[in-house]
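Some notes on the structure that comes next.
The analysis underlying the following values was restricted to heavy atoms, covering all of them including side chains, and did not include hydrogens, waters or symmetry mates. In this text the structure is predicted, and so the values were computed from the model without any measurement. Every chain is numbered from 1 and lettered A, B, ... according to where its sequence line falls, protein lines coming before strand lines.
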2 protein chains.
Amino acid sequence: MSKSTPATIEDVARLAEVSIATVSRAIHTPEKVAKETRLKVTQAIAITGYTTNAMARSLRLGRSNMILVVAPDIGDPNFSNILIGLENEARAHGYGVLIGHTQNDPQRGLEYLKFLNSNQAAGMILFTGILPFGHQTMTARLPPSVGVFEPVYNGGIPYVGVDDAAGARKAIDLLITEGHRRIAFIGESRTRLGHARRKAGYEDGMRAARLELDPGLIMPGDGTIESGRLAVEQLFMRDTLPTAFMCVNDQTAIGVMLALTARGYSIPGDFSVTGFDDVPQATFMNPTLTTIRQPRTAIGKQAMALLFKLLQDEKPEETEILLAPDLVVRNSVGAPRSLPKR
Amino acid sequence: MSKSTPATIEDVARLAEVSIATVSRAIHTPEKVAKETRLKVTQAIAITGYTTNAMARSLRLGRSNMILVVAPDIGDPNFSNILIGLENEARAHGYGVLIGHTQNDPQRGLEYLKFLNSNQAAGMILFTGILPFGHQTMTARLPPSVGVFEPVYNGGIPYVGVDDAAGARKAIDLLITEGHRRIAFIGESRTRLGHARRKAGYEDGMRAARLELDPGLIMPGDGTIESGRLAVEQLFMRDTLPTAFMCVNDQTAIGVMLALTARGYSIPGDFSVTGFDDVPQATFMNPTLTTIRQPRTAIGKQAMALLFKLLQDEKPEETEILLAPDLVVRNSVGAPRSLPKR
DNA sequence: AGGATTGATGTAAAGGTTTACATTCGGAGT
DNA sequence: ACTCCGAATGTAAACCTTTACATCAATCCT
């Protein structure tokens with residue numbers, strides 16, 4: 001009667017007075033076993049407290065029932081909500097979700113590659129724009145995978161995310177409607193595809209309004225608060241200032257707002273600011289941040305759904321699914337004032 | 001030559017012209033195989049690209065090399081840094097970390113319990129004050145487990161975290177030194193053990209300074225921004241206001257600051273505010289938040305180290321490891337002013 | 001009534017690994 | 001020269017499950 005060893009299928013079979021095959025069938029294909037037998041098995045399972053050994057099952061089946069979600073930074077404010085969408089959808093298919101945290105370290109990434117290669121996950125979701133496997137990326141044999149939140153730069157992996165260009169366009173159109181003419185774009189990036197698309201939306205909007213695209217108003221950045229701050233400092237060393245800052249994401253916008261506030265300017269009185277993503281913090285800024293909302297839970301849900309299609313060998317019809325973003329108007333945008341003196 | 005099926009230990013053995021036992025030994029106990037044989041095996045592994053099938057290994061060994069980290073909310077700003085400490089330490093022991101996200105849903109928790117019972121994880125770290133398994137908690141057979149960040153309410157599980165009482169004492173002492181006499185405590189909780197300890201530190205500090213403990217200045221709360229806001233609203237419906245708000249955590253403090261700012265008060269001119277945790281956002285508030293820093297990475301590291309002790313059957317000498325917190329002085333605390341009129 | 005069909009169950013192999021035990025071989029000790 | 005020992009390697013069982021195939025009984029059809 002010792003409970004030290006978990007019950008196996010054999011214990012259940014003995015108790016129910018059937019073979020282990022019948023037990024397995026009673027669990028996975030109940031319609032193939034007689035009703036009364038099924039009942040006996042069910043009771044025996046309840047009594048023994050049996051749970052099937054996932055290791056043995058996966059070994060036999062050659063695939064696991066886990067999906068690996070790889071993220072460079074768990075702390076990304078966008079991550080948790082996307083994860084919820086991913087989890088719910090996975091659960092609906094009887095799969096569980098594991099999270100791999102690479103900390104942007106290729107070494108770390110390689111460990112997860114090993115994890116995948118040892119069959120411990122059936123598929124992968126990439127919450128990152130780059131395959132995190134360093135130089136082994138090209139040769140890596142990957143399971144079915146889907147990129148999420150940011151298009152995957154290397155690897156030709158299907159992607160589910162927001163329509164970055166369309167979202168950016170909404171932001172720039174708002175600023176132009178408010179009367180702004182000199183609008184800076186903060187956070188240009190060559191490597192982050194999603195950010196590049198946001199910049200393209202900005203340029204489209206400017207062109208559509210026949211506004212001059214001043215390269216001096218396009219500042220590079222990596223999407224961190226610090227980069228937003230830095231961009232403001234650099235812009236203020238020039239003569240020609242913008243009246244509005246369109247930022248590649250909310251983090252950058254927060255950095256911009258902090259820098260402007262630190263210099264004593266008022267928002268939106270002196271300058272207008274927009275973000276992108278609508279992270280929770282956007283609500284707590286002063287003023288609250290006008291931004292573009294990502295349908296995060298929906299993105300997660302659709303990405304996982306796509307992954308399950310791939311797992312069933314269906315070739316996906318489209319390689320990119322773009323969801324529509326919403327403009328969230330708060331208090332960081334107003335009409336421009338004549339340029340403040342430095 | 002098809003690469004469709006991953007190489008097994010048998011492929012390696014064939015290529016190296018040895019038995020599979022020797023291959024296994026060359027990998028796990030290299031000192032037991034002759035140098036030249038070892039070399040042949042190493043080369044064969046490189047050629048075949050062999051990685052050991054973790055399923056089969058875990059099945060044979062009866063335990064996995066994964067640790068499950070259960071968190072109710074991945075988005076908690078404290079989580080990611082603790083996780084880094086956990087991961088680094090686990091890695092040093094050759095273990096990987098998986099994250100289970102319960103979303104505070106007992107149903108979800110039960111799934112992870114199943115995951116554990118099917119041997120898919122060797123141990124568990126609980127980033128939560130409550131065993132997340134609903135009513136099955138009492139009967140659950142758990143693997144070696146360690147609570148982290150917040151003492152585990154039910155279950156008698158060892159715990160690694162900050163010395164909450166000592167930290168709270170540092171905050172209250174600072175406020176008293178600045179001259180405050182009427183100090184509110186925001187975020188009283190009966191269920192969250194860590195928060196209860198912080199309140200105990202507050203009370204100790206007040207008593208030590210022979211200050212009156214006014215029950216009217218102790219406000220309940222669940223540690224969310226909203227609860228901080230609410231507490232301020234309720235306090236302002238009374239006649240007697242405090243000159244300082246000592247908050248149970250940073251989130252609460254942020255809520256308090258937002259509410260005070262919204263009412264037009266200045267911090268720390270009209271009121272002083274302290275937090276606890278030192279989340280990243282504390283730096284971005286206006287004014288920046290004076291708070292107690294948690295040594296998060298260290299907590300993670302020590303918790304995982306303790307778990308490995310448990311895994312090796314060593315009974316832990318202490319059931320609680322408390323780390324020393326630091327006071328971080330920023331700009332939300334100043335000397336009290338005579339009570340503002342309402 | 002006899003053969004075919006169906007439904008329910010059992011038998012046994014396979015999946016990849018680790019490891020106790022067996023085997024082999026060369027050399028040391030007497 | 002014989003025994004004994006240790007080092008290096010091989011053989012085979014075990015971990016737990018799923019499932020193709022075999023078996024068996026009962027029912028159906030003509």
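For A/Lys32 and D/dT19, the NZ to P distance is 9 Å, given to the nearest whole Å. Separating the CD atom of A/Gln120 from the P atom of C/dG15 is a distance of 20 Å, rounded to the nearest angstrom. Atom CZ of B/Arg60 and atom P of C/dA20 are 8 Å apart (whole Å). Note: CZ (B/Arg38) to P (D/dA8) measures 9 Å, nearest angstrom. C/dT18 atom C1' lies 17 Å from atom CE of B/Met55, rounded to whole Å. As rounded to whole Å, 13 Å separates atom C1' of D/dT9 from atom CD1 of B/Ile20. Atom CD of B/Glu36 is separated from atom P of D/dA7 by 16 Å (rounded to the nearest Å). The separation between A/Glu31 atom CD and C/dA8 atom C1' is 13 Å, rounded to whole Å.
When distances are taken from the side chain of B/Ser24 to each of C/dT18, D/dT17, C/dT9, the shortest belongs to C/dT18. Distance from the side chain of B/Leu61 is smallest to C/dT19 among C/dT17, D/dT19, C/dT19.
Residue B/Met304 forms a side chain to side chain contact (heavy atoms under 4.5 Å, CB included) with just one option from B/Ile125, B/Val148, B/Val146, and that option is B/Ile125.
One can find a donor-acceptor pair under 3.5 Å joining the base of D/dG10 and the side-chain atoms of B/Arg25.
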What side-chain donor-acceptor pairs closer than 3.5 Å can you find for residues 63-74 of chain A, not counting sequence neighbours?
| from | atom 1 | to | atom 2 | distance (Å) |
| --- | --- | --- | --- | --- |
| A/Ser64 | OG | A/Met66 | N | 3.0 |
| A/Ser64 | OG | A/Gln120 | O | 3.0 |
| A/Asp73 | OD1 | A/Gly75 | N | 2.8 |

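Residue B/Ala21 is classed as a base contact, given a heavy-atom separation below 4.0 Å to a base. In this structure, B/Thr22 reaches the sugar-phosphate backbone alone: every heavy-atom distance under 4.0 Å involves primed, P, OP1 or OP2 atoms, never a base. Residue-level contact check: B/Ser58 touches neither bases nor backbone, having no heavy atom under 4.0 Å from any strand. Backbone-only engagement by A/Thr8 is indicated by non-hydrogen atom pairs under 4.0 Å involving sugar-phosphate atoms exclusively.
Looking only at side-chain heavy atoms (C-beta outward), A/Asp11 and A/Tyr50 stay at 4.5 Å or farther from each other.
Scanning for ring-ring contact (aromatic ring centres under 6.0 Å, His included) contacts around B/Phe127 gives B/Phe79, B/Phe149, with sequence neighbours left out.
Residue A/Thr37 has a polar side-chain atom (N or O) positioned under 4.0 Å from OP1 or OP2 of C/dT9. Residue A/Ser19 places none of its side-chain N or O atoms closer than 4.0 Å to OP1 or OP2 of C/dT9.
Under 4.0 Å is where a charged nitrogen must lie from a carboxylate oxygen, and between A/Lys40 and A/Glu17 no such pair does.
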